[in-house]
2 protein chains.
Amino acid sequence: MNKGNQTRASILAAATNLASKDGLAGLSIGSLAKDLGLSKSGLFGHFGSKDALLMAVTEAASERFVELVMRPAFKEPAGRPRLERLFENWLDWSESREFPGGCPIMAATLELDDQPGPLRDYLLSQQQRWLDTIAQAARISISVGHMDEAVDCEQVAFEFNAIGFGYHFSQRFLRDSSARQKARTAFRTLLQNCAPTSPKDGPPESPRGAEATEETNDE
Amino acid sequence: MNKGNQTRASILAAATNLASKDGLAGLSIGSLAKDLGLSKSGLFGHFGSKDALLMAVTEAASERFVELVMRPAFKEPAGRPRLERLFENWLDWSESREFPGGCPIMAATLELDDQPGPLRDYLLSQQQRWLDTIAQAARISISVGHMDEAVDCEQVAFEFNAIGFGYHFSQRFLRDSSARQKARTAFRTLLQNCAPTSPKDGPPESPRGAEATEETNDE
DNA sequence: TAAAATAACGAACGTTCGTGCTTTTTTGCA
DNA sequence: TGCAAAAAAGCACGAACGTTCGTTATTTTA
């Protein structure tokens, strides 16, 4: 590996750390350079602009997410085990030592929800990919008989994701030490509600997500 | 009302707007003054420091939250209706025209999870109050027979909150037009899972939250 | 209506921001 | 070992940041 790419990588690592703690907006080239013992201009030369640096940080984190969270889950057998693995990997990722300030993608997502531009576009595509992966895993779960056919897979993805957000909030902001257990409990309930009508444990119940058109009073 | 308090109020309103879109970190006195047609120093004099301004914005939003979300829910009968009202009010609040960039409290929460100080302390106390309110409403629901006695109310608060976060994400970042419906569905499922063992509709099921000590492999 | 208090102003402070230049140092290859 | 290329540093810029100052204009109180 070149010297250039090498320091570029170390810059990205330090930048990820900083962005994790202070957000993308809180990431300044000056402080980043000081942390690394580099000059501002020397660091700057590696990326050409602040926006390019932010994009590079985001891309790096995103690729790492695929590597650590998504990819290993596909070694699990299709269906419920894969979904469970996706969930556990995500929690692990969220409290990884790699991100002392929490998942930078989630932080960036909430930071950029009203700031259009290529960075938001990229994040959006990645988030949709993530939700698609969950929904697709749910669809496979149905086809292998781990879930009821009436289950709404988009709804499952929504709730899967919601539990993750709730966990992140409880863990990082509230510092609730039982956050992970609560997230696990919520996730188990979610899967349980999706179980086929004749599972080996638990009584039958009405599967969720079948009520596409329902009575909604307002809106 | 004094002239001073009057402009102070208008400053707070404009600042809330700005913070809603760009986050607390993105709120600058210069741009705020320009928006209002004031001088920087004139605006500055009302608060004495940037931190004080941020705190004032947060307090104002928090008080408004109590007024618009929490308070009206207590006009509903105790139990399930109150919980439902809390939830709907929260969703309404989240997409209120008052906050073009989404709930500033939620944004601040995710922004400050690693920045200790009085502002974080205040937000933490408010968030805990919010979660306590939900848990307490669940406890009352049990006592009036709307929920099973085995229900873990802290767990309910966690999931209630998680659905709200998931909604905020889907609505504001993904721009998913069915976000609200998904959130409603998730919430209805949550309540359904908490129903007493002999409800008038739906088959019996194992109530949640009773598994305090369980097998957890790692961690 | 006169006096006291407050609100708002404009200019300037020192600092940090991102970003260009130019120069020096380091690296990798013939 | 010498030399071109790449990397890093140095310096400077214009703008924006939060903040302080002294002064003027406007309210409020007496």
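Small disclaimer: the values here were computed from a predicted structure and weren't measured. Below, read A as the first sequence line, B as the second, and so on, with proteins coming before strands; counting in each chain starts at 1. Worth knowing before you read on, the calculation uses all heavy atoms, side chains too, and leaves out hydrogens, waters and symmetry mates.
What separates CD of Gln6(A) from P of dT27(C) is a distance of 10 Å, to the nearest Å. For the pair Leu38(B) CG and dA25(D) P, the interatomic distance rounds to 17 Å; values are reported in whole Å. Nucleotide dT16(C) holds its C1' atom 15 Å from the CG atom of Leu32(A), rounded to whole Å. Look at NZ on Lys40(A): it is 14 Å from P on dA12(D), rounded to the nearest Å. To the nearest angstrom, C1' of dA7(D) lies 15 Å from CZ of Phe44(A). One interatomic measurement links the two molecules: CD1 of Ile29(A) to P of dG10(D), which rounds to 17 Å at whole-angstrom precision. Atom CZ in Phe47(A) sits roughly 12 Å away from atom P in dA7(D) (whole-Å rounding). Note: NZ (Lys34(B)) to P (dA8(C)) measures 19 Å, nearest angstrom.
Residue Phe169(A) is tested with Phe165(B), Phe158(B), Trp130(B) for a ring pair (Phe, Tyr, Trp, His ring centres under 6.0 Å); the sole match is Phe165(B).
For the residue pair Asp51(A)/Ser49(A), the side-chain donor-acceptor check at 3.5 Å is not satisfied.
Residue Gly45(B) is classed as having no contact, given no heavy-atom separation below 4.0 Å to the nucleic acid. Counting non-hydrogen atoms under 4.0 angstrom, Ser28(B) reaches the backbone sugars and phosphates but no base. Counting non-hydrogen atoms under 4.0 angstrom, Leu27(B) reaches the backbone sugars and phosphates but no base. Backbone-only engagement by Gly37(A) is indicated by non-hydrogen atom pairs under 4.0 Å involving sugar-phosphate atoms exclusively.
In this structure, the ring of Trp90(A) has its center no less than 6.0 angstrom from the ring center of Tyr167(A).
Contact check on Glu98(A) versus Arg64(A) returns a salt bridge, with a Lys/Arg side-chain nitrogen under 4.0 Å from an Asp/Glu carboxylate oxygen.
Nearest-nucleotide positions on DNA chain C for Thr7(B) and Ser41(A) put Thr7(B) closer to the 5' end.
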Worksheet entry | Intermediate values then yes/no, salt bridge (Lys or Arg N to Asp or Glu O under 4.0 Å), Asp113(A) and Lys21(B) | CA-CA 8 Å; Asp113(A) 57 358; Lys21(B) 278 181 285 190; over 6 Å; no

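The side chain of His46(A) places no N or O atom within less than 4.0 Å of a non-bridging phosphate oxygen (OP1 or OP2) of dA6(D).
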